[in-house]
Amino acid sequence: MIDYVKIFASEKQRLENHLVNNKVIQLVSPFNIETGEIMEYPKRGKDFNLDISLTKQSSYIKGSLHKYHNIRNDKGDQNYDDFSYPDIVSEVKDLLVKYDLDDSNYLTNLEFGLNIVVSKDPQLIIDNNVLMNNCKAPNKNLKFSGRGDYKEFHTDSHWIKVYNKSKPFKQDCYILRLELKIIKKVYINKLGVFKLEDLADKNTLRRLYFDLNSKIEGLVIVDEFEGKTIPLRHLNRLNEYMNPNYWIRLKSRKTSNQIYKLKKDFKLLLDKYQLLETKKEILLKIEIKFLELLLASGSKKVA
């Protein structure tokens with residue numbers, strides 16, 4: 001569930017004193033080659049996959065909490081498996097104690113995602129079915145040289161990410177990851193999340209899940225047309241509606257109310273010809289997976 005976090009320690013000097021006095025991690029300062037002087041700041045350290053940075057004014061800890069858990073438990077540097085509620089609680093408590101954070105921390109970036117087993121290759125879903133976000137094209141559509149596939153849809157406050165988790169980790173089953181990346185502190189706070197310890201609250205996780213769910217609802221995920229009998233006039237309209245450039249051109253020609261009606265017509269056609277089965281499967285499976293992880297009594301190995 002919880003993946004990347006960026007945690008700022010508001011009491012910078014307290015964190016630095018704690019790290020140095022208790023030898024929590026090794027901190028390294030930059031070295032001036034010309035003068036031979038070791039500079040006081042920035043100081044940086046590594047805790048498994050987590051990056052720790054101290055400057056004169058601030059300090060932060062950032063990285064994937066999911067991967068941190070797996071590396072510490074000899075499960076590898078990966079996040080394709082389950083990261084359940086008890087696992088999250090365990091890692092949150094560990095970091096609070098290890099870094100003496102107490103109430104002196106706040107979150108500025110956060111990722112919440114779920115891995116689900118789907119009925120067909122995630123590459124096909126990403127390439128052929130996940131088309132747009134609210135009728136806008138993806139900001140990124142990458143292949144990683146055959147090692148994986150993903151699409152990203154960006155807004156000012158958050159990104160929606162759809163990943164193929166089967167290919168890079170050579171899994172036997174088809175694993176699709178859907179993730180909400182929040183890049184603005186104000187958006188995190190709007191969801192009732194302020195500090196690291198809030199992530200150990202089930203109600204916080206529920207709010208994050210419902211927000212992820214609403215973002216997936218906004219994705220245009222359309223099934224292939226093969227085997228469907230669709231009249232040519234409807235087929236032409238569907239092909240227009242599935243083109244993000246069509247919606248861009250409409251902005252200069254139509255009112256917001258007219259565009260709303262066209263989007264409604266798009267949805268009616270998708271329903272009429274049963275072209276939303278992949279989307280329904282994804283929505284159902286993320287709900288089942290979320291409840292499974294939230295109500296889990298301990299760690300599980302596979303998605």
side-chain hydrogen bond (donor to acceptor under 3.5 Å, both in side chains) partners for [X], two or more places apart:
X: D271; value: K267
X: D102; value: R14
X: N133; value: none
X: R207; value: T204

**Prompt:** Taking only residues at least two apart or on different chains, which pairs with a member in residues 240-265 satisfy salt bridge (Lys or Arg N to Asp or Glu O under 4.0 Å)?
**Reply:**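 Matches after skipping sequence neighbours: R237-D265.
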**Prompt:** Can you list every salt bridge (Lys or Arg N to Asp or Glu O under 4.0 Å) pair that touches residues 106-135, not counting sequence neighbours?
**Reply:**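 Passing the test, one end in residues 106-135: E111-K161, E111-K181, K120-E224, D127-K143.
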Give a yes or no answer on whether the side chain of [X] reaches the backbone of [Y] with a donor-acceptor pair at less than 3.5 Å.
X: D211; Y: K215; result: no
X: N22; Y: H18; result: yes
X: D87; Y: F83; result: no
X: K285; Y: V117; result: yes

Can you tell if the side chain of [X] reaches within under 4.5 Å of the side chain of [Y], non-hydrogen atoms only?
X: L205; Y: I2; value: yes
X: D201; Y: R206; value: no
X: V222; Y: N129; value: no
X: L114; Y: L293; value: yes
X: D47; Y: I52; value: yes
X: S90; Y: H69; value: no
X: D156; Y: I183; value: no

**Message:** Please determine whether side-chain contact (heavy atoms from CB on, under 4.5 Å) holds for the pair L238 and L270, giving the CA-CA distance in whole Å, both sets of side-chain angles, and the decisive distance to 0.1 Å.
**Reply:** CA-CA 8 Å; L238 280 168; L270 294 175; 3.9 Å; yes
Shortest non-hydrogen separation from [X] to [Y] and the atoms involved:
X: P86; Y: A296; value: CG-O, 3.2 Å
X: I126; Y: D149; value: CD1-O, 3.4 Å
X: N105; Y: L196; value: OD1-N, 2.8 Å
X: P244; Y: K136; value: CB-C, 4.4 Å
X: K279; Y: E217; value: NZ-O, 2.6 Å
X: N213; Y: L283; value: ND2-CD2, 3.8 Å

Ion pair [X]/[Y], N-O distance below 4.0 Å:
X: K228; Y: D223; value: no
X: K56; Y: E40; value: no
X: K46; Y: D51; value: yes
X: E197; Y: K195; value: no

**Request:** Walk me through it: do Y41 and E16 pass the test side chain to side chain donor-acceptor pair (under 3.5 Å)?
**Result:** CA-CA 11 Å; Y41 295 103; E16 184 172 348; 2.8 Å; yes
Please check if the number of heavy atoms outside [X] that lie under 6.0 Å from its [atom1] is greater than 12.
X: K98; atom1: NZ; answer: yes
X: L268; atom1: CG; answer: yes
X: Q26; atom1: CD; answer: no
X: Y260; atom1: OH; answer: no
X: N203; atom1: CG; answer: yes

**Request:** Evaluate side-chain contact (heavy atoms from CB on, under 4.5 Å) for E152 paired with V162, printing each intermediate quantity in order.
**Result:** CA-CA 7 Å; E152 281 184 0; V162 186; over 6 Å; no
**Request:** Using the ring-ring contact (aromatic ring centres under 6.0 Å, His included) rule, collect all pairs that involve residues 232-255, keeping only residues at least two apart or in two chains.
**Result:**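 Of all non-adjacent pairs touching residues 232-255, those that pass ring-ring contact (aromatic ring centres under 6.0 Å, His included) are H234-Y273, Y241-Y246, Y241-W247, Y241-F266.
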**Request:** Can you tell me which residue pairs pass the ring-ring contact (aromatic ring centres under 6.0 Å, His included) test with a partner in residues 171-213, sequence neighbours excluded?
**Result:**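 Non-adjacent pairs meeting ring-ring contact (aromatic ring centres under 6.0 Å, His included): H158-Y187, Y209-F290.
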Quick check on the hydrophobic clustering: are [X] and [Y] connected, directly or via other members, by side-chain heavy-atom contacts under 4.5 Å?
X: I216; Y: M242; value: no
X: M132; Y: L180; value: no
X: L50; Y: V24; value: yes
X: L275; Y: I221; value: no
X: I116; Y: L124; value: no

**Prompt:** Residues two or more places apart in sequence or in another chain: which of them pass side-chain contact (heavy atoms from CB on, under 4.5 Å) with V89?
**Reply:**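 By the side-chain contact (heavy atoms from CB on, under 4.5 Å) rule, V89 matches Y85, K93, A200.
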To the nearest 0.5 Å, what is the distance between [atom1] on [X] and [atom2] on [Y]?
X: K184; Y: T108; atom1: NZ; atom2: OG1; value: 12.0 Å
X: L212; Y: M1; atom1: CG; atom2: CE; value: 11.5 Å
X: S29; Y: M39; atom1: OG; atom2: CE; value: 9.0 Å
X: N115; Y: D82; atom1: CG; atom2: CG; value: 7.0 Å
X: K272; Y: L276; atom1: NZ; atom2: CG; value: 14.0 Å
X: D81; Y: K75; atom1: CG; atom2: NZ; value: 5.5 Å

**Item:** K185 versus N109, side-chain donor and acceptor atoms under 3.5 Å
**Value:**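 The criterion, which ignores hydrogens and geometry beyond distance, is not satisfied for K185 and N109.
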**Prompt:** With respect to Y68, which candidate in N49, D3, D94 satisfies the side-chain hydrogen bond (donor to acceptor under 3.5 Å, both in side chains) definition?
**Reply:**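 When N49, D3, D94 are each tested with Y68, the side-chain hydrogen bond (donor to acceptor under 3.5 Å, both in side chains) holds only for D94.
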**Prompt:** Can you list the other members of the hydrophobic cluster that holds I288, where links are side-chain heavy atoms under 4.5 angstrom apart?
**Reply:**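 Hydrophobic cluster check, I288: joined to L284.
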**Hydrophobic cluster partners of F8 (side-chain heavy atoms under 4.5 Å)** =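 So far as hydrophobic clustering goes, F8 is joined with Y60, Y106.
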**Message:** Does V193 form a side-chain contact (heavy atoms from CB on, under 4.5 Å) with L199? I'd like the steps, not just the answer.
**Reply:** CA-CA 7 Å; V193 188; L199 301 179; 3.9 Å; yes
**Request:** Could you list the residues that satisfy ring-ring contact (aromatic ring centres under 6.0 Å, His included) with H154, not counting sequence neighbours?
**Result:**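 For H154, the residues satisfying ring-ring contact (aromatic ring centres under 6.0 Å, His included) (neighbours in sequence not counted) are W159.
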